[in-house]
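Written below as structure tokens is the structure these notes are about.
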Amino acid sequence: MSQITLTVDQVERAVEAGTTGTDLFGDRRDVVVVRVDGELRDLAAPLPDGAAVESVTIDSPDGLAVLRHSAAHVLAQAVQEVNPSARLGIGPPITDGFYYDFDVETPFTPEDLKALEKVMQRIVKEGQSFRRWDVTEEEARTVLAAEPYKLELIGLKGTADTEGASVEVGLGGLSIYQNVRRDGTVVWQDLCRGPHLPTTRLIANGFQLTRSAAAYWRGSEKNPQLQRVYGTAWPTKDELRAHLERLAEAERRDHRRLGAELDLFSFPDEIGSGLAVFHPKGGIIRREMEEYSRQRHIDAGYDFVNTPHITKSRLYELSGHLDWYADGMYPPMHLDAEVDDDGTVRRQGQDYYLKPMNCPMHILIYRSRGRSYRELPLRLFEFGTVYRYEKSGVVHGLTRARGFTQDDAHIFASREQMKSEIAAALEFVLALLKDYGLDDFYLELSTKNPEKFVGSDELWEEATETLRQVAVESGLALVDDPGGAAFYGPKISVQAKDAIGRTWQMSTVQLDLNLPELFDLEYQAADGTRKRPVMIHRALFGSIERFFAVLLEHYAGAFPAWLAPVQVLAVPVAEPFNAYVEDVVAQLRAQGVRAESDLSDDRFGKKIRTASTQKIPFVLIAGGEDAEAGAVSFRYRDGRQENGVPVAEAVERILAAIRDRVQV
RNA sequence: GCCGCCUUAGCUCAGUCGGUAGAGCGUCUCACUCGUAAUGAGAAGGUCAUCAGUUCGAUUCUGAUAGGCGGCUCCA
């Protein structure tokens with residue numbers, strides 16, 4: 001027996017040739033695969049001489065992916081057991097779970113999913129093992145002759161176009177994974193690069209099928225749709241339960257639900273899909289958001305402009321929007337045409353479009369007269385409402401609407417000012433986001449797509465480097481998004497994490513090398529020559545409606561006092577104290593606080609409950625003890641209370657919380 | 001836009017195997033009500049999304065339309 005040398009979890013060891021991961025880690029149930037010289041491998045694979053071997057546990061990111069991928073295989077086996085005519089698409093692990101695509105005659109129903117879960121449970125309990133079989137292309141084609149989609153993937157192997165199929169075919173050889181019963185019979189098999197769990201038993205009870213939906217084959221809407229089944233899988237039941245609880249929490253925070261519960265906004269059918277109306281309470285939140293933003297923009301040297309909601313087509317022909325984005329725009333209104341009775345056109349009409357973007361309008365303001373270098377940088381800001389004809393299937397509450405208001409600014413600057421303006425814009429944006437209560441960020445830098453760009457390499461290089469420098473100086477994590485830029489310039493976007501860890505793309509700062517060119521923008525430089533300005537697009541909220549939704553979900557409706565529609569609710573312990581309570585409210589109102597009193601004939605406990613469900617930041621309670629002492633009692637949203645606070649101090653405390661924009 | 005599901009009172013939902021409907025919350029009225037998440041009684045409130053079709057009869061079955069939900073594709 002020859003010996004080989006392995007480095008096992010950083011320790012060098014001599015072992016017999018043919019040693020496998022199972023031999024090394026068989027006594028550790030949490031080790032599900034091994035990483036051999038950086039590549040994940042099955043535990044059953046013999047380890048090569050000199051290899052560096054690391055254990056990969058089921059709760060590590062790689063281990064979880066393997067668990068979920070194996071769960072996807074079990075799902076596919078279950079589907080084909082129930083319905084042998086189902087053809088297989090792909091089945092990769094995804095965040096928190098997995099999916100598998102099937103070509104089936106009829107889509108899955110919720111009952112189907114329940115039944116499939118039962119079959120999966122049985123397969124899991126059988127303790128089938130995953131056996132790798134390295135095959136030639138010929139063998140693979142023979143084994144998978146009945147699986148047209150798999151054959152297509154085999155044909156794609158090694159080409160650049162394996163997107164979405166990387167779990168089935170890698171760049172190396174082909175392999176098939178067989179599910180083997182304990183008695184050695186092969187129950188099911190699938191084209192797959194692996195690796196997999198040693199046994200289905202590890203899928204234990206920590207999995208669940210969650211939903212089914214259609215998905216285009218290989219992600220293209222030109223391809224047929226397959227039926228996709230989604231599931232989630234975890235190492236333990238407890239983790240599964242925690243995951244389901246996170247989903248439930250996200251649902252409780254859903255801005256569409258909170259919007260109705262707290263009477264903030266609605267989407268009347270009569271107006272149309274994706275078009276919101278803000279109710280008085282939503283209006284207050286929105287006004288506070290806007291007013292604070294407006295003040296900060298004034299302080300930062302922005303000029304305020306206003307532009308119309310519709311325009312003749314000429315503007316968007318010039319800007320190129322009609323070339324690039326006509327599909328996403330509302331169709332035009334054709335106006336002013338005059339036709340004689342005999343059908344001859346007496347006067348040519350005009351097409352008017354609802355505006356999908358503010359920038360061309362702002363450009364026209366810049367271009368309304370000659371500009372001097374002395375005016376630069378010129379920062380034009382507008383809460384500009386735009387309309388985009390989003391496809392019917394994508395409209396989603398306030399986060400994807402058809403009409404929304406951008407806090408949009410365009411900075412016209414000289415090449416020399418470009419760097420400092422981009423830096424200032426990013427700093428401005430980050431500081432402001434923090435004031436709204438988001439403080440966990442990372443940045444994403446979208447760089448040039450070599451296939452699709454305008455402008456000189458030099459300018460791109462300079463702009464990209466500037467964005468990068470500013471990003472690095474901010475001290476935030478920076479993620480590269482190579483090729484992710486729009487054709488007209490690189491972009492930095494701020495990704496914010498909310499209270500339950502979800503990431504939202506927020507602000508963007510984007511350099512535009514294209515529009516100044518198309519509109520032939522100029523300014524007169526100090527030396528008398530005419531020069532072209534650069535243009536920086538930046539939005540903080542992106543869309544006020546969307547930002548509203550993000551804040552609503554982030555705070556779960558419990559806004560900090562400065563944003564809360566009702567900041568204080570005063571509740572008398574009983575009717576005799578109505579007047580006392582009203583007096584306190586009057587004092588607060590005199591200071592500009594949005595204070596109300598609950599003098600309804602509900603009982604005291606009910607009033608507390610009502611205030612609670614309305615998520616009012618300060619509930620002030622007054623009864624005999626308080627009235628005698630000239631005091632009130634605070635009740636906060638978490639149930640905390642503080643009794644006998646002198647009225648003057650209470651007022652001051654509330655004013656301070658509002659002024660300082662703190663959460664209470 | 002594509003696939004699937006859904007649409008019954010202001011909200012959340014029962015229900016009718018085809019004979020025009022119910023609950024809880026909310027609203028209104030009355031009574032009750034002195035310490036931190038639901039006092040009691042009563043009342044009002046519905047062309048069962050819309051439009052066609054089948055039927056003696058449609059909220060229920062069929063189809064179309066609109067809106068919603070979950071995905072896919074898209075997101076300047």
Side-chain angles (χ1 to χ4, degrees), chain A residues 99 101 104 106-110 112 164 210-230 251 254 256-257 260-261 263 266-274 316 319-329 355-360 386 388-397 399-402 406 485-489 491 505 508 510 512 514-515 537 539 542-543 546 571-577 600-614 619-627 633-637 639-644:
Chain A
Y99 67 78
D101 288 343
V104 284
T106 51
F108 297 98
T109 64
D112 291 338
T210 47
R211 59 172 59 99
S212 67
Y216 296 106
W217 169 236
R218 293 179 55 220
S220 168
E221 61 183 330
K222 295 189 184 71
N223 289 336
Q225 287 191 330
L226 305 181
Q227 293 302 316
R228 175 170 298 178
V229 176
Y230 284 93
E251 189 168 334
D254 190 306
R256 295 163 299 183
R257 168 199 283 253
E261 282 176 2
D263 194 17
S266 59
F267 291 90
D269 288 356
E270 292 82 351
I271 297 180
S273 190
Y316 291 115
S319 70
H321 285 98
L322 276 170
D323 293 335
W324 289 85
Y325 303 114
D327 285 351
M329 293 167 65
K355 74 171 165 185
M357 290 212 85
N358 300 301
C359 33
V386 297
R388 297 178 182 178
Y389 188 73
E390 299 288 0
K391 288 192 270 182
S392 62
V394 308
V395 171
H396 182 94
T399 56
R400 194 83 182 268
R402 283 181 169 173
Q406 297 181 310
F487 66 94
Y488 51 77
K491 171 176 82 177
Q505 178 176 324
T508 57
Q510 198 159 4
D512 187 341
N514 185 46
L515 286 175
H537 303 239
S543 129
R546 196 179 110 92
V571 180
V573 162
E575 204 179 330
F577 307 103
S600 69
D601 50 12
D602 284 338
R603 288 168 118 91
F604 181 65
K606 179 58 187 294
K607 293 184 183 187
I608 297 294
R609 180 183 150 80
T610 304
S612 234
T613 56
Q614 288 301 303
V619 178
L620 293 186
I621 292 160
E625 291 162 33
D626 300 284
S633 297
F634 280 79
R635 184 183 203 277
Y636 297 95
R637 288 177 290 213
R640 215 166 75 243
Q641 48 177 301
E642 211 171 335
N643 299 330

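Quick caveat, the model's predicted, so the values are computed rather than measured.
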Between [atom1] on residue [X] and [atom2] on residue [Y], distance to nearest 0.5 Å:
X	Y	atom1	atom2	answer
A:Leu226	A:Trp217	CG	CH2	7.0 Å
A:Phe577	A:Glu625	CZ	CD	9.5 Å
A:Arg640	A:Arg635	CZ	CZ	11.0 Å
A:Tyr325	A:Tyr316	OH	OH	13.0 Å
A:His537	A:Asp512	NE2	CG	3.5 Å

If you look at every strand shown and take non-hydrogen atoms under 4.0 Å, does [X] touch a base, only sugar-phosphate, or nothing?
X	value
A:Gly393	base
A:Phe577	base
A:Pro356	base
A:Phe267	nothing
A:Glu625	base
A:Ala213	base
A:Arg402	nothing

Nearest whole Å is fine: how far is [N] [atom2] from [X] [atom1]?
X	N	atom1	atom2	answer
A:Arg637	B:rU36	CZ	C1'	16 Å
A:Tyr389	B:rG1	OH	C1'	9 Å
A:Trp217	B:rC3	CH2	P	20 Å
A:Arg257	B:rC25	CZ	P	18 Å
A:Glu575	B:rG35	CD	C1'	16 Å
A:Tyr325	B:rC74	OH	C1'	12 Å
A:Arg228	B:rU73	CZ	P	7 Å
A:Asp602	B:rG26	CG	C1'	11 Å

Look at the side chain of [X] and decide which nucleotide, out of [options], has an atom nearest to it.
X	options	result
A:Ser633	B:rC34, B:rG67, B:rG35	B:rG35
A:Ala214	B:rU73, B:rU39, B:rC3	B:rC3
A:Asp601	B:rA31, B:rC72, B:rG71	B:rA31
A:Ile608	B:rC2, B:rA37, B:rC3	B:rA37
A:Arg388	B:rG1, B:rC75, B:rC34	B:rC75
A:Val573	B:rG70, B:rC34, B:rA76	B:rC34
A:His396	B:rA76, B:rG70, B:rU33	B:rG70
A:Tyr216	B:rG1, B:rU33, B:rG35	B:rG1
A:Gln641	B:rU73, B:rU36, B:rG70	B:rU36
A:Lys606	B:rU39, B:rU36, B:rG70	B:rU39

Taking only Lys NZ, Arg NE, NH1 and NH2, and the carboxylate oxygens of Asp or Glu, determine whether A:Arg228 and A:Asp101 approach each other closer than 4.0 Å. yes
Mutual orientation of the aromatic rings belonging to A:Tyr636 and A:Phe634 [parallel < 30°, tilted 30-60°, perpendicular > 60°]: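 Judged by the thresholds at 30° and 60°, the geometry between A:Tyr636 and A:Phe634 is parallel.
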Aromatic A:Tyr389 / basic A:Arg402 pairing, under 6.0 angstrom, 45° off normal: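 Checked: cation-pi criterion met.
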Would you state whether a donor and an acceptor, one from the side chain of [X] and one from the base of [N], lie under 3.5 Å apart?
X	N	result
A:Gln225	B:rC2	yes
A:Arg603	B:rU39	yes
A:Asp327	B:rG1	no

[X] side chain N/O closer than 4.0 Å to the phosphate oxygens (OP1, OP2) of [N]?
X	N	value
A:Arg635	B:rA37	yes
A:Tyr99	B:rG71	no
A:Ser273	B:rG68	yes
A:Arg211	B:rG71	yes
A:Ser392	B:rG1	yes

Pairs counted as Watson-Crick or G-U wobble with both distances under 3.5 Å: what dot-bracket string results for RNA chain B, using | for bases tied to another strand? (((((((..((((.....[..)))).(((((.......))))).....(((((..]....))))))))))))....
Nearest nucleotide by nearest heavy atom, which residue falls closer to the 5' end of RNA chain B, A:Asn643 or A:Glu390?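 Residue closer to the 5' terminus by nearest nucleotide: A:Asn643.
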If you pin A:Val395 and A:Gly219 to their nearest nucleotides in RNA chain B, which one's is more 5'?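 The answer here is A:Val395.
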Is it true that the side chains of A:Tyr216 and A:Arg218 contain a donor and an acceptor less than 3.5 Å apart? no
Side-chain H-bond candidate by donor/acceptor type, A:Gln406 with A:Asn358, under 3.5 Å: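 Result is yes, a qualifying pair exists.
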Separation of the [atom1] atoms in [N] and [M], to the nearest angstrom:
N	M	atom1	value
B:rA49	B:rU60	C1'	15 Å
B:rG15	B:rC61	P	13 Å
B:rC75	B:rU62	C1'	38 Å
B:rC56	B:rG18	P	15 Å
B:rC51	B:rU47	P	12 Å
B:rA41	B:rU7	P	32 Å
B:rG45	B:rA23	P	14 Å
B:rG10	B:rA66	P	24 Å

Less than 4.5 Å apart, any side-chain heavy atom of A:Pro572 and any of A:Lys607?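 With C-beta onward as the side chain, the pair touches.
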